[in-house]
Amino acid sequence: MAAERKVTITAIAREAGVSVPTVSRVVNGRSDVAPETRARVEELLRQYGYRRRAHAPGDRAALVDLVFNDLDSPWAVEIIRGVEEVAHAAGVGTVVSAIHDRAGAARQWMTNLRARASDGVIMVTSVLEPLLHKELHRLGVPIVVVDPAGAPPLEAPTVGATNWAGGLAATEHLLSLGHRRIGFIAGPPRLLCSRARLDGYRAALEGAGLPVAEELMVPGDFYHEAGFTGCERLMELAEPPTALFAASDQMAMGAMEALRRRGLRVPQEVSIVGFDDLPEMRWSAPPLTTVRQPLAEMGKVAARTVLRQARGEEIDTPRLELATELVVRASTAPPPAR
């Protein structure tokens, strides 16, 4: 039982009848622990021969893992930028991985994680298998989930954006311009953020007294090709929409290309709104009206949260949603006269 990894602070906390952060405070020599609690925890630490891993000066976490399902998206770069800024300032290394939903990929990542003794994990729109989550919990490795794919583990803090409000704002903007047939190109239904954007779209239409037509909603996956094919499908309707709301900027760009190939002008004939506000959207032709979600800030908040957990600090707000903002540019205009 003397090896460092054979007993965890989770097991010590359970036996001592205290929280994991309390044990972490004792391990890190913090003073904000009641004397009798400290004595009980220290006795168990001695009994089990627990040894804290050596960290960098200042007792800060030395390494955090940042895990995506895929890395082939510009929004992933923005989240990485935010995480790296906070981690670098804290003297902490960042390991970026993609598990790609491949069989065994998540388990291989877990094997690598054990080998490098990471102090925290940030999961981005990834589904963590229950057995892997249980193993992270057993190892006492804190987790923060960004844009959870499904219901996150109850004890894992989450960081997201106000996706419902963003979907509402995008659709209300098009309604305010006079559009009444507004197509929607959805994101992956397994993601909570996708469902929230769809719900915002529905709520805006219902609030305007308009029917939510199933034919105007097409599936997508956040990538360019889905925007292209979704737009093609919508434009082939007997009464095509005069405006499109794409649940990501990349799909909005795909839709713009589909309209261009059809000889339709944006926004003179069809208006488009995206979601994300990736840096290059201001340089698209025309510049894209979109919903800005603070991707880099989401990464920063996730990094600060996981580092606080690694230091044994309590997390006051385990569920955080950062505000979205409609950014109006040149891709939206009133519908053409019929």
With R180, which residues qualify under side-chain hydrogen bond (donor to acceptor under 3.5 Å, both in side chains), at least two apart?
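side-chain hydrogen bond (donor to acceptor under 3.5 Å, both in side chains) list for R180, sorted by chain: empty.
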
Going by the rule side-chain hydrogen bond (donor to acceptor under 3.5 Å, both in side chains), which residues pair with D276 if we only count those two or more places apart in sequence or in a different chain?
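Applying side-chain hydrogen bond (donor to acceptor under 3.5 Å, both in side chains) to D276 gives Q293.
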
Could you tell me the separation between the CZ atom of R329 and the CG atom of L288, rounded to the nearest 0.5 Å?
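If I round to the nearest 0.5 Å, the distance is 7.0 Å.
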
Nearest 0.5 Å, what's the CG-CD distance between L177 and E172?
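Those atoms lie 12.0 Å apart.
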
Quick check: is [Y] connected to [X] through a chain of hydrophobic side chains (ILVMFWY, heavy atoms under 4.5 Å apart)?
X	Y	answer
M256	M281	yes
F275	W164	no
L198	L216	yes

No-hydrogen, no-angle side-chain donor-acceptor test under 3.5 Å, D65 and S118
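Result is yes, a qualifying pair exists.
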
Do the side-chain N and O atoms of T289 and H173 include a donor-acceptor pair separated by under 3.5 angstrom?
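Per modelled atom types, T289 and H173 side chains form no pair under 3.5 Å.
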
Of all heavy-atom pairs between [X] and [Y], which one has the smallest distance, and what is that distance?
X	Y	value
A186	M251	O-CE, 3.2 Å
A302	V146	CB-CG2, 3.6 Å
A252	A246	N-CB, 3.6 Å
I79	L295	CG1-O, 3.7 Å

Between R40 and E43, does any NZ, NE, NH1 or NH2 come within less than 4.0 Å of an OD or OE carboxylate oxygen?
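No, this pair does not count.
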
Would you mind checking if R311 and D119 are paired as a salt bridge, meaning a charged N to carboxylate O distance below 4.0 Å?
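R311 and D119: not salt-bridged.
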
Indicate yes or no for a side-chain donor-acceptor contact from [X] to the backbone of [Y] under 3.5 Å, with no hydrogens or angles considered.
X	Y	answer
S331	I272	yes
T158	V145	no
N112	M110	no
S284	P286	yes

Residue pairs, two or more places apart or on separate chains, that pass salt bridge (charged side-chain N to carboxylate O under 4.0 Å, His left out) and touch [range]:
range	result
residues 239-251	R181-E239
residues 79-91	E78-R81, E85-K300
residues 222-232	E232-R262

Decide side-chain contact (heavy atoms from CB on, under 4.5 Å) for V121 and V67; before the verdict, give the C-alpha distance in whole Å, the side-chain angles of both, and the deciding distance to 0.1 Å.
CA-CA 7 Å; V121 173; V67 186; 4.2 Å; yes

Run the numbers on V327 and V291 for side-chain contact (heavy atoms from CB on, under 4.5 Å), then give the verdict.
CA-CA 6 Å; V327 180; V291 176; over 6 Å; no

Among residues at least two apart in sequence or on other chains, which ones pass salt bridge (Lys or Arg N to Asp or Glu O under 4.0 Å) with R261?
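With sequence neighbours excluded, R261 shows a salt bridge (Lys or Arg N to Asp or Glu O under 4.0 Å) to E257, given in chain and number order.
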
Between Y201 and F184, how do the two ring planes meet: parallel, tilted or perpendicular, split at 30° and 60°?
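Parallel, since the angle between the ring planes stays under 30°.
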
